[in-house]
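The sequence lines fix the lettering, A, B, ..., with proteins before strands; numbering per chain opens at 1. Not measured: the values here are computed from a predicted model.
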Protein chains: 2
Amino acid sequence: MLLNDRKLKILEAIITDYIENAEPIGSRTIAKKYNLGISPATIRNEMSDLEELGLIEQPHTSAGRIPSDKGYRLYVDNMMRSRELTGEETEFLKNAISFNVGQIDYIMQQTARALAMLTNYTTVITEPTSKKTVLKKIQLVSLDEQSVVAVIITEDKTVKNTVIRSTDVPEGDRLTKINARINSVITGVELEAIDKDNVARLLTDFPENRAFVTEVLKVAFKTVKSSENLRLYTSGAKNLLGFPEFSDIEKAKGIFRALDEKDLLITVLGDDNDSRDSVKIQIGDENNMEELKNCSIVKANYKVGNSSFGRIGIIGPTRMNYSQTVSVLSSIIRRINHIMADMEDGDNDE
Amino acid sequence: MLLNDRKLKILEAIITDYIENAEPIGSRTIAKKYNLGISPATIRNEMSDLEELGLIEQPHTSAGRIPSDKGYRLYVDNMMRSRELTGEETEFLKNAISFNVGQIDYIMQQTARALAMLTNYTTVITEPTSKKTVLKKIQLVSLDEQSVVAVIITEDKTVKNTVIRSTDVPEGDRLTKINARINSVITGVELEAIDKDNVARLLTDFPENRAFVTEVLKVAFKTVKSSENLRLYTSGAKNLLGFPEFSDIEKAKGIFRALDEKDLLITVLGDDNDSRDSVKIQIGDENNMEELKNCSIVKANYKVGNSSFGRIGIIGPTRMNYSQTVSVLSSIIRRINHIMADMEDGDNDE
DNA sequence: GTTAGCACTCTAAATAGTTGAGTGCTAACT
DNA sequence: AGTTAGCACTCAACTATTTAGAGTGCTAAC
């Protein structure tokens, strides 16, 4: 069956209308609202074909039609016009995100909030990770007799601090010395490629602080590598409650349960380290998650440095405003990449 | 009208039953389920009195009675038996919170999660703040040519880091020197009482890094003082969706909106720096927040050091299980205070 | 003071009737 | 051959209407 221009126009009308009103739409309404120059009867015939093609469906006889996942897919892939941000949107983003804070977790938090507010959907952001993580520096700061703060800084400018407690915590100059030695072993090398012999020598060089040094190394690895404590920034979960498709409390619970499951979210956001800043869309069932089958996800990777990626996903109902969401997200991604590249620029100072 | 023993027994039956079933309860059911040795008719008479006293109310004629806020208040103040934690609960808490991590924000996050899971309500925790904040140390770690990480450590062991960007960032030894001078001015003194002259001298001593030093001081103040970026740990908001009182999506939305408002939550948790580890309860309307009028809050302060307090609040429907919640919360508070005191012990090393 | 009995009230659930939006089909029209 | 008016048909959603039952308050007897 041929998908002629008229069919496409009708499909588009159904989709844009449903995105706006969340109500099934019938032939008569289409004829009245969208001037396609054909009668309701003709539209009915075409709709019948569209349904046969699986692009739209009927909740029940005597209801209008709504787009199917497949219909959205066609729309998103072939028909959707990318649109510019409005002045207001640009303005909002500019005010909402103060990039000069310079600290990744703040930026991420702000970005999540801004996207959630602007789109009125839910935003999830994962902090940047990298297959090959290179430590830039560890700074040990004495806290008290038994504890030290380890500030761990990676090449991609992530800063994390962890308190280390040990009975053999070194003090004063000795701490500085050990610190320097640890850095000399660990710095600028991929974590996987750290020289075992160097580590061994490090440990024998400071026999009285063996436990402490081991602990520092352990913590450094754990902090950097573990996806278990991969940070996740979520914002605007409650927005979803406003959509009629989730006014059934059971559905709402299902989604909130899903949004609480870090692992699930990470899976959904995917882990392809695609360096192009392309925006990807998963519609309804395509993500294979029962709880999210009424949701779509618009997602993209942002880049920090050369090998480090984080992910941003915007989650809304399947009838979400793809056009707006895509343009907002890609605009944000461009901004972030730009900023992160800037931060990277001052990076060759050692 | 006298509140004799029998009336109290009936009130208690109504409250415990309603807490469990969320359904109005009538005289016949009370007579059957709770062996008070009196007939439904007598119970009816007593209930009529209880209603007149404002302790219970009727959703409509021909429905049973439910407790009023005032009724809960009487129950909570005078009748509720404190109960021990069950073995399981103790076990759960022990496993859920690994205090040896030693870092306050992890502990808080874990605590919030644990409380939310154990009680099935929503938990909100504010990080510790102190009226008089004393800085313990600032450690500046060079990041690149234009930026430095400032790790700010307060006397109560809160560790925060902020990236500072400036065009006159000092390098190497000079950074260390400036760092030491800043510490000598700022350390161990209440923020409000820092010697202005010292600061002035500090600035003139390093004229080339004026902007940088100013920025460091500004950031230090801001990080420590601002309640604007007071951290808030929330967990289990979605739990509330499970309760029939919030199955109306509008009510659910209202509460979620409230839970998203940091300022409101901070107000609700209160700011009395009561040092006793007493648990306080706000029932329904008592908190004067329209959005939370169907909720109760069980809250308490935890203590870090001598002058620093944080707050934990557990938010549930007014018919929440006060007895369990109070015992769980006070047990947690004891644990935290204990741990935080431990962390404090190693503190007199300088 | 307590309780059985009973008339009364009012919600919640079940049932039936009505409306209207929307369809698919047929036959007539370009 | 494609388009459209006309019409019978379907079905959710709304509105009464009825029924059932849980619970009350009152009265009179115990």
Would you indicate whether the side-chain heavy atoms of K251(A) and E291(A) approach each other to under 4.5 Å?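 Answer no - side chains too far apart.
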
Kindly say if R65(A) contacts the phosphate of dG24(C), meaning a side-chain N or O under 4.0 Å from OP1 or OP2.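 For dG24(C), OP1 or OP2 has a side-chain N or O of R65(A) closer than 4.0 Å.
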
Under 4.0 angstrom between S48(B) side-chain N/O and dT24(D) OP1 or OP2: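 Answer no for this pair, as no side-chain N or O of S48(B) is under 4.0 Å from OP1 or OP2.
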
I want to verify a distance call: between [options], whose nearest atom is closest to the [X] side chain?
X      : options                  : result
R44(A) : dT2(C), dT23(C), dT24(D) : dT23(C)
M47(B) : dG22(C), dT24(D), dT3(C) : dT24(D)
R6(B)  : dA4(C), dG6(D), dT2(C)   : dT2(C)
S39(A) : dA5(D), dT24(D), dT23(C) : dA5(D)

With nearest nucleotide decided by heavy atoms, which residue, A63(B) or N45(B), maps closer to the 5′ end of DNA chain D?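 Its nucleotide being nearer the 5' end, the pick is A63(B).
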
Side chain [X], main chain [Y], donor-acceptor under 3.5 Å:
X       : Y       : value
T318(B) : I283(B) : no
Q58(A)  : A63(A)  : yes
E89(B)  : T86(B)  : yes

Euclidean distance, atom [atom1] of residue [X] to atom [atom2] of [N] [Å, nearest integer]:
X      : N       : atom1 : atom2 : answer
L36(A) : dT3(D)  : CG    : P     : 13 Å
E57(B) : dT24(D) : CD    : P     : 14 Å
L50(A) : dT23(C) : CG    : C1'   : 15 Å
E46(B) : dT3(C)  : CD    : P     : 11 Å
I38(B) : dA4(C)  : CD1   : C1'   : 15 Å
K7(A)  : dT3(D)  : NZ    : P     : 10 Å
I25(A) : dA21(C) : CD1   : P     : 14 Å
E51(B) : dG23(D) : CD    : C1'   : 12 Å

Determine, using ring centers only, whether Y18(B) and Y72(B) are less than 6.0 Å apart.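 That pair fails the under 6.0 Å test.
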
For the pair R83(B) and S323(B), evaluate side-chain hydrogen bond (donor to acceptor under 3.5 Å, both in side chains) and give the outcome as yes or no after the intermediate values. CA-CA 7 Å; R83(B) 76 167 186 49; S323(B) 170; 4.5 Å; no

Across all strands shown, which nucleotide pairs with dA28(D) by Watson-Crick or G-U wobble geometry, both distances under 3.5 Å?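 With both distances under 3.5 Å, dA28(D) matches dT3(C).
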
Partner nucleotide of dC14(D) by Watson-Crick or wobble geometry (both distances under 3.5 Å):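 When the pairing criteria are applied, dG17(C) turns out to be the nucleotide that pairs with dC14(D).
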
Step by step, work out the side chain to side chain contact (heavy atoms under 4.5 Å, CB included) result for M289(B) and L264(B). CA-CA 9 Å; M289(B) 304 281 174; L264(B) 189 146; 3.9 Å; yes

For nucleotides 9-12 of chain D, print each protein N/O atom paired with a nucleotide N/O atom at under 3.5 Å, atom names and distance only.
from, atom 1, to, atom 2, distance (Å)
dC11(D), O4', S62(A), OG, 3.4
dC11(D), O2, S62(A), OG, 3.3

